[in-house]
Amino acid sequence: MMVRNDIKKEFGDYQTPGYFAVKVCNLLKDKLKISPAVVIDPTCGVGNFLKAALNVFDNVKEAVGVEINKEYCGKCRERIRDPRLGVTHGNFFSYEVTKHLKDETLFIGNPPWAMNANLKFNLPQKVNFKGLSGTDALTGASNFDICEYVILKLIEGSIGKNVSIAMLCKTSVARNVLLELDRNDVPVDLVRMYTFDSLKVFRINASACLLYIKMSTDDSKCRNCEVYDINYPDHVCETISFKNGRLCSVKEDVPDLEGKCCFEWRQGVKHDCARLMELEKTGESFYRNKNKETVELEDALIYPLIKSSSFKTPVIHDRFKKYVLVTQKKPREETEYIKELAPQTWKYLNDRKTVFDSRKSSIYTGAPAFSMFGVGEYSFAKYKVGVSGFYKKPLFSLLYSEKPVMVDDTSYFLPFDNYADAYTCMLMLNSEKVQKFLLSISFPDAKRPFTKKVLQRIDLKKCAENISFEELVKTEKRLNLPCSITAGMYDAFSGHIWEQNKTMLFS
DNA sequence: ACAAGTTGCTGTATAAGCGA
DNA sequence: TCGCTTATACAGCAACTTGT
């Protein structure tokens, strides 16, 4: 059964308020100097954008609306009694909207801001349109926003034509579109983002913008996108460059630390069963789970856990509040061994097996009972330098204790086998230069500004070359840490990075 | 058969800020 | 200090379109 709210989500049924549609059209006319002959809204709803466009622009000869909801089609025709308007009842995914292209054309609209993973039937045929490979194509990276799909389709159909595209979307979608423009080498004259407050306009909590793309009729390839606040359209807030498969904010004096990290950043452990796997210690070998059951368990599989919210100090090595059960040393490992090694833990797990078996994530299908993900040799490293993916400004923390410290799946870390390297790396990542660089390649309005992809872009070799020992001393002071970094530690770490970098290049 | 994790949730809770 | 708006910091799980 679908409740009304689900249907609203499924079809992205969030009508653009009339005043806002007018505001957008005026902006396009006054600031971007467009004067379309044809206006097309591929997901027009009750037609607020079409109505605004017909009123605001002076030379519109034809307006085309496509809408999946029949009732809205009727409403749209009723509300806009204009001979230039044609409304089609249809689905964007099957309707060839580009057949209406002629002269100067404007695509305008507000496509559904929903992820295809969350949709049930109102979605395009699933093809690997971004050309992802291997696990990426089948897991997280392949999830995408319907709005993104709509915009990319419009771009594809407009290459080389006198077309402007102006769409409301999440800023995360707009950034993905920039990456696709780069990846497909699409000629464009101008790309801009005008951010607006989607809480005010749509009563939803997402960072959003009007994405404007002017397709190029020659071969000019603009690869910078200026970002404005829609309320202050004369003031550039920032400029995002999209080149070589990467986004970064164009800022003054950002140190160039861009490259490929010679170590692999890892996401924390995943179990999709926090109720049973996350424990609080209540006494010697007694633990309480999130179902408030107190159980006696062996220490064998229990590790201290640092969650995103715990990354508040640069060194974390005691006073752990949470613990986590880690059932495997690597993915797909058999879990039967637990019966011998830790019988009480085995019983605890088996008594609650149905909970584990009803986990829906596809990564567990066909895997041994109580399987986890994001486990490997790296999970058991004695020292880690971790960071929360959620923070706007990253704080890197050194993690260690008697047993390896685990981090949850909203955090990322680098594994180390010795304290000195881990400590030095922590200081280096917290140094002003790395922080500045990271802020230039991350976007604070993202739900998760720091991801594996972003972190992997920190070239540690460049860091070692550009960040002096003195700067680490300064960082140590700024973090209120007792003075313990030595030139020896710094040199040793730089050396290790150098070697690792060579290994990476030859592998 | 199997490689070997990422990302979003048109989020939510709470703190902080502000005017009266 | 109330009561509202706005900013910030976070929960944890389900979904995920392949290529050899």
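Naming: A, B, ... by sequence-line order, numbering from 1 per chain.
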Will you find, in the side chains of [X] and [Y], an N or O donor that is under 3.5 Å from an N or O acceptor?
{"X": "A/Ser411", "Y": "A/Asp408", "result": "yes"}
{"X": "A/Lys23", "Y": "A/Asn231", "result": "yes"}
{"X": "A/Thr335", "Y": "A/Gln328", "result": "no"}

If we take the [atom1] atom in both [N] and [M], what is their distance in whole Å?
{"N": "C/dA15", "M": "B/dA4", "atom1": "P", "answer": "24 Å"}
{"N": "C/dC16", "M": "B/dC2", "atom1": "P", "answer": "23 Å"}
{"N": "B/dA15", "M": "C/dA11", "atom1": "P", "answer": "14 Å"}

Parallel, tilted or perpendicular, as decided by the 30° and 60° cut-offs, for the rings of A/Phe413 and A/Tyr378: tilted

Aromatic ring pairing A/Tyr400/A/His317, orientation class (parallel under 30°, perpendicular over 60°, tilted between): parallel

Residues which pass ring pair (Phe, Tyr, Trp, His ring centres under 6.0 Å) with A/Tyr348, listed by chain and number, not counting sequence neighbours: none

Heavy atoms only, 4.0 Å cut-off, all strands: where does [X] land among base, sugar-phosphate and nothing?
{"X": "A/Phe311", "result": "nothing"}
{"X": "A/Cys273", "result": "sugar-phosphate"}
{"X": "A/Thr410", "result": "base"}

Of A/Lys452 and A/Phe390, the one whose closest DNA chain B nucleotide lies more 5': A/Lys452

5' priority, DNA chain B, between A/Ser172 and A/Phe373 [closest heavy atom]: A/Phe373

Just how far, in rounded Å, is [atom2] of [N] from [atom1] of [X]?
{"X": "A/Leu179", "N": "B/dT6", "atom1": "CG", "atom2": "C1'", "result": "15 Å"}
{"X": "A/Tyr412", "N": "B/dT6", "atom1": "OH", "atom2": "C1'", "result": "7 Å"}
{"X": "A/Trp113", "N": "B/dG11", "atom1": "CH2", "atom2": "C1'", "result": "15 Å"}
{"X": "A/Tyr149", "N": "C/dC16", "atom1": "OH", "atom2": "P", "result": "16 Å"}
{"X": "A/Lys393", "N": "C/dC10", "atom1": "NZ", "atom2": "P", "result": "15 Å"}
{"X": "A/Lys322", "N": "C/dA11", "atom1": "NZ", "atom2": "P", "result": "8 Å"}
{"X": "A/Asn176", "N": "B/dT7", "atom1": "CG", "atom2": "P", "result": "10 Å"}
{"X": "A/His271", "N": "C/dA11", "atom1": "NE2", "atom2": "P", "result": "12 Å"}

Is the shortest side-chain N/O distance from [X] to OP1 or OP2 of [N] below 4.0 Å?
{"X": "A/Tyr391", "N": "C/dC10", "result": "yes"}
{"X": "A/Lys270", "N": "B/dA4", "result": "no"}
{"X": "A/Lys453", "N": "B/dT7", "result": "yes"}

Closest-nucleotide 5' rank along DNA chain C - winner of A/Asp197 and A/Lys307: A/Asp197

Residue mapping more 5' on DNA chain C - nearest nucleotide basis, A/Lys312 or A/Asp409: A/Lys312

Over all atoms of both residues, closest heavy-atom pair of A/Pro394 and A/Val387: CB-CG2, 3.8 Å

Nearest heavy atoms of A/Tyr212 and A/Ser164, plus distance in Å: OH-OG, 3.2 Å

Stems formed with participation of DNA chain C [Watson-Crick or G-U wobble, under 3.5 Å, three or more pairs]: B:1-3 with C:18-20, B:5-9 with C:12-16, B:11-20 with C:1-10

To the side chain of [X], which of [options] is closest?
{"X": "A/Lys170", "options": "B/dA4, C/dG12, B/dG8", "result": "B/dG8"}
{"X": "A/Glu278", "options": "C/dG12, B/dA4, B/dT7", "result": "C/dG12"}
{"X": "A/Ser308", "options": "B/dT7, C/dC13, C/dA11", "result": "C/dA11"}

Listed once per pair and sorted, the salt bridge (charged side-chain N to carboxylate O under 4.0 Å, His left out) pairs that draw on residues 236-247 of chain A, sequence neighbours left out: A/Arg246-A/Glu258

